[in-house]
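Working notes, beginning with the structure itself.
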There are 2 protein chains.
Amino acid sequence: MTSVEEPARPGERERVRDAARTQAEILDVATQEFARAGYDGARVDEIAARTRTTKRMIYYYFGGKEQLFTAVLERAYGVIREAEQQLDVEHLDPVAAIRRLAEVTFDHHEQHPDFIRLVSIENIHEAQHIAASEKLGRIGSPALDVIRRILEEGRRSGLFTADVDAVDLHAMISSFCFFRVSNRHTFGALFGRDLVAPAQRAHYRTMLGDMVIAYLTAERAAD
Amino acid sequence: MTSVEEPARPGERERVRDAARTQAEILDVATQEFARAGYDGARVDEIAARTRTTKRMIYYYFGGKEQLFTAVLERAYGVIREAEQQLDVEHLDPVAAIRRLAEVTFDHHEQHPDFIRLVSIENIHEAQHIAASEKLGRIGSPALDVIRRILEEGRRSGLFTADVDAVDLHAMISSFCFFRVSNRHTFGALFGRDLVAPAQRAHYRTMLGDMVIAYLTAERAAD
DNA sequence: TCACGAATGTACGAACTAGTACGTTAGCTA
DNA sequence: TAGCTAACGTACTAGTTCGTACATTCGTGA
């Protein structure tokens, strides 16, 4: 997610004043700070201090703490959106495709703990920033379209017995991936097991895939 | 979770000074306030204002904001612990028992959104209050023992093919129940679906049971 | 090269917030 | 019933934190 620190591409002299770079740097640091301490725990002064610029610039470019947090969320959601657009699983058979999709989701959650924390924080605030954001209003999800098509194909070929909706399946996969990262601290403290321990990674990754496939292909009494 | 407002049982005159009642009232209000705004967003003055007592008493009984939050967590975890002890599913066959357990977990999460929020908040703070609490250090979970025994029975009778660990199964069930409540706001805002809409309740409750049972009973290649 | 605005830095203030010093009173017990 | 202590209330402070007024400088287009 670090989008700064490109130390002046050759030929492009490092300017002292660079609006885009300043904004990106603020967003980088703000992402860390908000993820670290939550919205109210985050300090505007702290964000400014860890930037090459000053607090003044935060207000100049973003308007205030609230809008800064919204901007952080917008960029963070943009990243997953891009990742989802890279999804290339539809050449696989439905079972393999869903398993692959689950694995990609699993990996993405593991690799972006800050994003998970931001989403948790935004939920504590009842998604008010997303609601107030035009960009995030109806961002849509490329992954959902992919899931929809795979499910269609799986049902048509008779492999999938479950009549699941794409949004629900997405919720099922996400919940496991999200919980594993978001609740690792309380879960670890209470049950003495680190859900994100590297040694357990493959185990949980397989477990997720098994679970989803078992659900989709289970023999089921007609409704 | 409200433990006050028993308006002086007959014969027991309402005393003006009642340490236990004052503490319980502070905990009730603090639970709401912390759940509403997060640890840093919560205001000690606000908690005091919504109590029949004053801020002075919060410091008198609990020592400070940090310890108050810890006390709130301790009580909240105590409530689920008690609920789990009421679990009575072992007279059922393993499949029915697990499904019932999943449903009870599902219902409990739905009925205690404040608890879910507190746990989310505690995770943002990396479970530091749980770690610092003697009561919560190794509270253990009655539900885990129940799961362990059901799994044992299910495996012995050949109904369950999966060689799952009780803690992992608990994580699987919890993740779905927890996510549905904790992430309902962002999920709703982004995908336009309210995961806790009453009309969908039965649907998701069944989905969870189907998922867990499918996983446990799936035909699986020998490892 | 010069003027003009975008970009930036400094210093400060007003409001808030956790925590406390000090004084008071209810109610139990001897 | 007297007195002692747990329980309680008021008023205040020190420190923090978001936000801004005002002054300054860089870079670019005319």
Side-chain angles (χ1 to χ4, degrees), chain A residues 3-4 8-9 11-34 36-72 121 125 128-129 132, chain B residues 3-4 8-9 11-34 36-72 121 125 128-129 132:
Chain A
S3 41
V4 213
R9 274 160 291 180
E12 197 180 321
R13 202 166 96 261
E14 168 90 343
R15 278 167 305 170
V16 175
R17 306 197 158 188
D18 186 331
R21 198 208 58 192
T22 301
Q23 289 175 49
E25 192 173 344
I26 290 172
L27 280 178
D28 285 339
V29 176
T31 298
Q32 292 170 28
E33 174 69 0
F34 280 123
R36 181 187 68 79
Y39 178 78
D40 290 288
R43 297 288 159 248
V44 176
D45 280 302
E46 178 64 23
I47 295 170
R50 285 164 48 200
T51 306
R52 269 179 293 181
T53 183
T54 64
K55 185 165 56 156
R56 176 72 184 74
M57 287 297 99
I58 294 175
Y59 289 88
Y60 183 68
Y61 284 121
F62 298 96
K65 189 180 182 182
E66 204 97 22
Q67 296 99 306
L68 176 59
F69 184 70
T70 302
V72 164
I121 291 160
H125 295 88
Q128 61 171 101
H129 304 93
Chain B
S3 41
V4 214
R9 275 159 289 178
E12 197 180 321
R13 204 168 94 260
E14 168 90 343
R15 280 168 304 171
V16 175
R17 303 193 162 193
D18 186 332
R21 199 208 56 193
T22 302
Q23 289 175 51
E25 193 174 342
I26 290 171
L27 280 178
D28 285 340
V29 176
T31 298
Q32 292 170 29
E33 174 69 1
F34 280 123
R36 181 188 67 80
Y39 178 78
D40 290 289
R43 296 288 161 245
V44 177
D45 281 302
E46 178 65 21
I47 294 171
R50 284 165 49 200
T51 307
R52 269 180 293 180
T53 183
T54 65
K55 185 164 58 157
R56 175 73 183 74
M57 288 296 99
I58 293 175
Y59 288 89
Y60 183 67
Y61 284 121
F62 297 96
K65 189 180 182 182
E66 204 98 23
Q67 295 100 305
L68 177 60
F69 184 70
T70 302
V72 164
I121 291 160
H125 294 90
Q128 62 171 100
H129 304 95

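As the structure is a prediction and not an experimental result, all values here were calculated from the model. Numbers restart at 1 for each chain; the letters A, B, ... are given by sequence-line order, proteins then strands.
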For [X], check side chain to side chain donor-acceptor pair (under 3.5 Å) against everything at least two apart and list the hits.
X: A:R56; result: none
X: A:K65; result: none
X: A:Q128; result: A:E66

Give each protein N/O atom lying under 3.5 Å from an N/O atom of nucleotides 16-19 of chain C, with the pair distance.
unit_1: C:dT17; atom_1: OP1; unit_2: B:R43; atom_2: NE; d: 2.5
unit_1: C:dT17; atom_1: OP1; unit_2: B:R43; atom_2: NH2; d: 3.3
unit_1: C:dT17; atom_1: O5'; unit_2: B:R43; atom_2: NE; d: 3.3
unit_1: C:dA18; atom_1: OP1; unit_2: B:A42; atom_2: O; d: 3.3
unit_1: C:dA18; atom_1: OP1; unit_2: B:R43; atom_2: NH1; d: 3.2
unit_1: C:dA18; atom_1: OP1; unit_2: B:K65; atom_2: NZ; d: 3.2
unit_1: C:dA18; atom_1: OP2; unit_2: B:V44; atom_2: N; d: 3.2
unit_1: C:dA18; atom_1: N7; unit_2: B:K55; atom_2: NZ; d: 3.4
unit_1: C:dG19; atom_1: OP2; unit_2: B:Y59; atom_2: OH; d: 3.0
unit_1: C:dG19; atom_1: OP2; unit_2: B:K65; atom_2: N; d: 3.1
unit_1: C:dG19; atom_1: N7; unit_2: B:K55; atom_2: NZ; d: 2.8
unit_1: C:dG19; atom_1: O6; unit_2: B:K55; atom_2: NZ; d: 2.6

Check: Do A:I47 and A:F34 touch side chain to side chain, with heavy atoms closer than 4.5 Å?
Finding: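 Yes - at least one pair of side-chain heavy atoms lies under 4.5 Å apart.
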Note to self: Do B:T53 and B:E25 make a side-chain contact, defined as non-hydrogen atoms from C-beta onward lying under 4.5 Å apart?
What the structure shows: no
Next item on the list: Starting from P on D:dC18, measure out to CD on A:E46 and report it in whole angstrom.
Entry: 11 Å
Notebook entry, point to check: With B:A48, which residues qualify under side chain to side chain contact (heavy atoms under 4.5 Å, CB included), at least two apart?
Noted result: B:K55, B:I58
Next item on the list: Identify, with sequence neighbours excluded, every residue that meets side chain to side chain contact (heavy atoms under 4.5 Å, CB included) alongside B:A19.
Entry: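 By the side chain to side chain contact (heavy atoms under 4.5 Å, CB included) rule, B:A19 matches B:Q23, B:Y61.
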Next item on the list: List the atom of A:I121, the atom of A:F69, and the distance in Å for their closest heavy-atom pair.
Entry: CG2-CZ, 3.8 Å
Item checked: Footprint string (nucleotides 3-9 of chain D, 5' to 3'): B base within contact, S backbone only, - free, heavy atoms under 4.0 Å -> ---BBBB
Note to self: Pairs counted only when both distances fall under 3.5 Å, Watson-Crick or G-U: show me the 5' to 3' dot-bracket for DNA chain C, [ ] for pseudoknotted crossings and | for other-strand partners.
What the structure shows: ||||||||||||||||||||||||||||||
Note to self: Holding to salt bridge (charged side-chain N to carboxylate O under 4.0 Å, His left out), I want the full list of residues that pass it with B:R36, two or more places apart in sequence or in another chain.
What the structure shows: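 For B:R36 the salt bridge (charged side-chain N to carboxylate O under 4.0 Å, His left out) partners, ignoring immediate neighbours, are B:E33.
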Check: Listed by chain and number, what are the ring pair (Phe, Tyr, Trp, His ring centres under 6.0 Å) partners of A:Y59, not counting sequence neighbours?
Finding: none
